[in-house]
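For reference, the structure discussed in these notes is given below.
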Amino acid sequence: MILSSGNYNIIESGYALTFDENSNIVIEVKAAVNFKFRIIFEFQENGEERQLERDVDEKNNTIIYRFINFQEGAGTAEALEIGRASGKKIYLHFWIEKVAENRYIRKIQYTVYKEK
């Protein structure tokens with residue numbers, strides 16, 4: 001099955017829940033025959049301002065998104081360009097929210113796109 005949207009193939013898409021309030025979500029994406037990378041979604045609470053941090057570890061082909069103090073749902077309004085594979089741009093859309101008000105279990109919906 002091939003999924004696409006506009007001029008982009010959907011190479012990975014899903015929905016996941018963190019196991020508990022201390023868990024991250026890790027997605028491994030096969031972007032080309034000989035290239036894969038990981039996206040790690042980390043969640044932290046410290047009682048301060050809401051903040052999103054992004055770290056890239058090119059040596060290990062890993063992108064880390066750190067969501068700090070995200071109480072309400074949040075996500076991308078425009079796809080984020082996150083890299084290239086086989087000369088094609090790769091993009092990410094996501095939406096993250098808490099499952100219950102008094103718990104820190106998180107739900108994520110995500111889609112990874114690659115130019116056709």
ask   = OG/Ser13 to CD1/Ile27 distance, rounded to the nearest 0.5 angstrom?
value = 9.0 Å
task = Look up atom CZ in Phe41 and atom CD1 in Ile96, then write down how far apart they are to the nearest 0.5 Å.
result = 5.5 Å
query = Using the ring of each side chain (for Trp, its six-membered ring), is His93 parallel, tilted or perpendicular to Tyr113, with breaks at 30° and 60°?
reply = perpendicular
task = Take Leu52 and Ile68, measure what side chain to side chain contact (heavy atoms under 4.5 Å, CB included) needs, and give me the verdict at the end.
result = CA-CA 6 Å; Leu52 173 61; Ile68 304 167; over 6 Å; no
Straight-line distance of Asn22 CG to Gln44 CD, nearest 0.5 Å = 11.0 Å
inquiry  = Let me confirm one number: the CD1-CG distance from Ile82 to Leu92, rounded to the nearest 0.5 Å.
reply    = 5.0 Å
message = To check you understand the geometry: which heavy-atom pair defines the closest contact between Gly87 and Glu115, and what is its length?
response = O-OE1, 4.3 Å
Thr18 and Ser23: CA distance, side-chain angles, deciding distance, side chain to side chain donor-acceptor pair (under 3.5 Å) verdict = CA-CA 6 Å; Thr18 55; Ser23 299; 5.9 Å; no
Cluster overlap Val99 with Phe67, hydrophobic side-chain contacts below 4.5 Å = no
inquiry  = Please give me the minimum heavy-atom distance between Phe37 and Ala31, naming the atom from each residue.
reply    = CE2-CB, 3.8 Å
Check: Ile40 and Ile25 side chains under 4.5 Å, non-hydrogen atoms = no
query = Got Tyr15 and Leu17 here, is their nearest side-chain heavy-atom distance under 4.5 Å?
reply = yes
query = Can we say Glu53 and Arg66 salt-bridge, meaning some charged N sits less than 4.0 Å from an Asp/Glu carboxylate O?
reply = yes
task = Show your working on side chain to side chain contact (heavy atoms under 4.5 Å, CB included) between Leu80 and Phe94 and close with a plain yes or no.
result = CA-CA 9 Å; Leu80 303 174; Phe94 60 82; 3.8 Å; yes
task = Determine, using ring centers only, whether Phe43 and Phe70 are less than 6.0 Å apart.
result = no
ask   = Distance from Ile2 atom CD1 to Lys116 atom NZ, nearest 0.5 Å?
value = 9.0 Å
request  = For the pair Tyr8 and Ile10, evaluate side chain to side chain contact (heavy atoms under 4.5 Å, CB included) and give the outcome as yes or no after the intermediate values.
outcome  = CA-CA 6 Å; Tyr8 303 91; Ile10 296 172; over 6 Å; no
remark   = Taking every heavy atom of Glu81 against every heavy atom of Arg54, the minimum-distance pair comes out as O-NH2, 4.3 Å
ask   = For Thr111 and Tyr91, what are the C-alpha separation, side-chain angles and deciding distance, and is it a side chain to side chain contact (heavy atoms under 4.5 Å, CB included)?
value = CA-CA 8 Å; Thr111 303; Tyr91 294 88; over 6 Å; no
ask   = Counting only N and O atoms by type, is there a donor-acceptor contact under 3.5 Å from the side chain of Asn9 to the main-chain atoms of Ser4?
value = no
Linked, directly or transitively: Val29 and Val26 (ILVMFWY side chains, under 4.5 Å) = no
query = Closest approach of Gly73 and Arg50, non-hydrogen atoms and distance?
reply = O-NH2, 4.1 Å
message = Please give me the minimum heavy-atom distance between Lys114 and Ala85, naming the atom from each residue.
response = CE-O, 3.5 Å
message = I'd like to check Lys98 versus Arg106 (side-chain heavy atoms, cut-off strictly below 4.5 Å). Are they in contact?
response = yes
request  = Under the salt bridge (charged side-chain N to carboxylate O under 4.0 Å, His left out) rule, what do Glu28 and Arg38 come out as? Steps first, then yes or no, please.
outcome  = CA-CA 4 Å; Glu28 190 167 293; Arg38 294 185 321 150; 5.4 Å; no
ask   = Taking all atoms of both residues into account, what is the closest heavy-atom pair of Glu49 and Asn69, and its distance?
value = O-ND2, 2.9 Å
key: Asn60 side chain vs Thr62 backbone, donor-acceptor pair below 3.5 Å   = no
Under-4.0 Å salt bridge between Glu97 and Lys107 = yes
key: Spatial distance of atom CD1 (Ile90) from atom CD (Glu12) [nearest 0.5 Å]   = 11.5 Å
